[in-house]
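Reading through the structure tokens given below for one structure.
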Amino acid sequence: MARKKVTVVGAGNVGATTAQRIHGLGYADVVLVDVVEDLPQGKGLDMLESGPVLGSDAQIAGSNGYEATAGSDLAIVTAGIARRPGMSRDDLLLTNMKIIGDVTRSVVEHSPDCVLMVVTNPLDAMVQHAYEVSGFPRHQVFGMAGVLDTARFRTFIALELDVSVEDIQAVVLGSHGDDMVPLVRYTSVGGIPLTELLPDEKIEQLVQRTRQGGGEIVQLLKAGSAYYAPSAAVCQMAEAVLLDKKRILPCSVYLDGEYGIQGLYVGVPVKLGANGIEEIVQVDLTQAEKDALNLSANNVKELLEVMKNAA
Ligand code: APR
């Protein structure tokens, strides 16, 4: 059986680590694209030369153009600028909007049937822009944020309880920003509700640390933003698509009335498989959770307004 084909646009920290992880899995060929001359070619060749050691026969090559990306099954967009200390994700808006528009047009032209995953921040607004530019149906365009946010929440819970990260299940809703909504009621440890294991104040501290998880890394790195955990999250979602796993994961998706939200990209749990978003999973929310989700969605709306005025 022919290997699947994945395009990764942006050969910076997130794109290169994502390409490395996918190439290492061995069952998908990767094309790494960047505007910087020779950079994706150099990183791609370096990764290809890791194949014999890793036992991966997958192909990987870099390119400054899109011809080599033709016929991709999955395209992952990480191109753009990253945050520096003092910047919010929203500060990246207009620069990254232009990049996402250009990249989406080129990807779609060469891979009209691909599933498109956006990683560039501010995430939900960037996916919405990619969706509008692509002309794709909504199930083919989604964003990575919730898997990363839940991974951070799960990490902090595991550290607090001194238990395996594998036993922790969590759901985070909303936009990928400081107003994200970790759903504590749906968070469990080996099937036991988190609320049975930790006092409310401690849970609230972990929720706050999760909300600011990206900023915590930016403060430490000083010259860029997180990429190890983000690329691991992208890779898990890529696997769900490439292997048609139908995983239930939180992703940024276009809501058309689901959760009472109309015409906006926001993070909610979905079923992710070969066709992209195969189902939007709706769970009951309390009034407080609904209010928090709406607040978070309003932030995306405000960014879209700014983008509309700048267009
Ligand atoms: N086409 C292709 N690549 C581009 C383009 C473009 N039009 N514009 C910029 N790039 C490339 C840059 O040359 C750079 O190599 O995108 C890459 C971005 O890499 P980094 O600066 O290392 O940023 P990174 O940490 O990878 O983050 C990328 O993902 O998580 C988000 O907030 C983060 O929006 C940021 C994005």
Side-chain angles (χ1 to χ4, degrees), residues 6-25 28 30 32-34 40 43 47 74-85 87-93 95-96 99-100 103 115-127 130 141-156 158 165 170-178 180 182 209-242 247 249-253 265-267 270 272:
V6 180
T7 289
V8 179
V9 186
N13 284 336
V14 177
T17 43
T18 295
Q20 180 189 15
R21 289 180 192 279
I22 294 174
H23 166 257
L25 293 172
V30 181
L32 184 59
V33 179
D34 201 287
K43 290 192 180 184
M47 288 180 214
L74 169 66
I76 300 167
V77 181
T78 76
I81 54 165
R83 280 200 284 173
R84 295 203 168 69
M87 289 171 93
S88 76
R89 291 185 182 89
D90 299 353
D91 292 335
L92 311 173
L93 187 70
T95 307
N96 285 352
I99 294 171
I100 290 298
V103 166
V115 167
L116 185 60
M117 187 194 322
V118 177
V119 185
T120 303
N121 276 310
L123 194 270
D124 306 275
M126 291 302 104
V127 204
V141 188
F142 53 86
M144 185 294 290
V147 176
L148 169 62
D149 295 329
T150 48
R152 287 183 172 141
F153 194 32
R154 291 165 68 197
T155 302
F156 302 146
V165 291
V171 189
V172 174
L173 297 182
S175 66
H176 184 48
D178 297 348
M180 69 179 79
R209 189 171 178 197
T210 302
R211 289 202 169 114
Q212 283 144 22
E216 186 177 357
I217 305 287
V218 172
Q219 283 300 326
L220 292 167
L221 295 185
K222 300 190 175 65
S225 53
Y227 53 101
Y228 293 113
S231 60
V234 174
C235 193
Q236 184 177 67
M237 289 169 63
E239 257 197 301
V241 172
L242 297 169
R247 294 210 54 182
L249 297 169
C251 302
S252 179
V253 290
Y265 266 84
V266 177
V270 301
L272 193 59

Determine the minimum heavy-atom distance between [X] and [Y], stating which atoms define it.
| X | Y | result |
| --- | --- | --- |
| Ala11 | Leu32 | CB-CG, 3.7 Å |
| Arg89 | Gly214 | NH2-CA, 3.8 Å |
| Gly80 | Asn96 | CA-OD1, 3.3 Å |
| Ala16 | Lys43 | CB-CD, 3.8 Å |
| Pro85 | Val218 | N-CG1, 3.5 Å |
| Cys251 | Leu272 | SG-CD2, 4.2 Å |

Going from [atom1] on [X] to [atom2] on [Y], what distance comes out if it is rounded to the nearest 0.5 angstrom?
| X | Y | atom1 | atom2 | result |
| --- | --- | --- | --- | --- |
| Ile22 | Cys235 | CD1 | SG | 5.0 Å |
| Arg83 | Leu221 | CZ | CG | 11.0 Å |
| Met237 | Leu148 | CE | CG | 10.5 Å |
| Thr7 | Met117 | OG1 | CE | 12.0 Å |
| Leu74 | Glu239 | CG | CD | 11.5 Å |
| Ile81 | Met87 | CD1 | CE | 5.0 Å |

Val30 vs Met47, side chain to side chain contact (heavy atoms under 4.5 Å, CB included): CA-CA, chis, key distance, verdict: CA-CA 10 Å; Val30 181; Met47 288 180 214; over 6 Å; no

Check the pair Val6, His23 against side chain to side chain contact (heavy atoms under 4.5 Å, CB included), reporting the backbone distance first and the verdict last. CA-CA 9 Å; Val6 180; His23 166 257; over 6 Å; no

Report yes if the side chains of [X] and [Y] come closer than 4.5 Å at any heavy-atom pair, otherwise no.
| X | Y | result |
| --- | --- | --- |
| Thr150 | Pro250 | yes |
| Ser252 | Val266 | no |
| Pro122 | Leu92 | yes |
| Val241 | Phe142 | yes |

I'd like to know if the side chain of [X] reaches the main chain of [Y], judged simply by a donor and an acceptor atom lying under 3.5 Å from each other, with no hydrogens or angles considered.
| X | Y | value |
| --- | --- | --- |
| Asn13 | Ala226 | no |
| Thr120 | Ala79 | yes |
| Asp124 | His176 | yes |

Pairs touching residues 211-230 that satisfy side-chain hydrogen bond (donor to acceptor under 3.5 Å, both in side chains), sequence neighbours left out: Arg209-Glu216

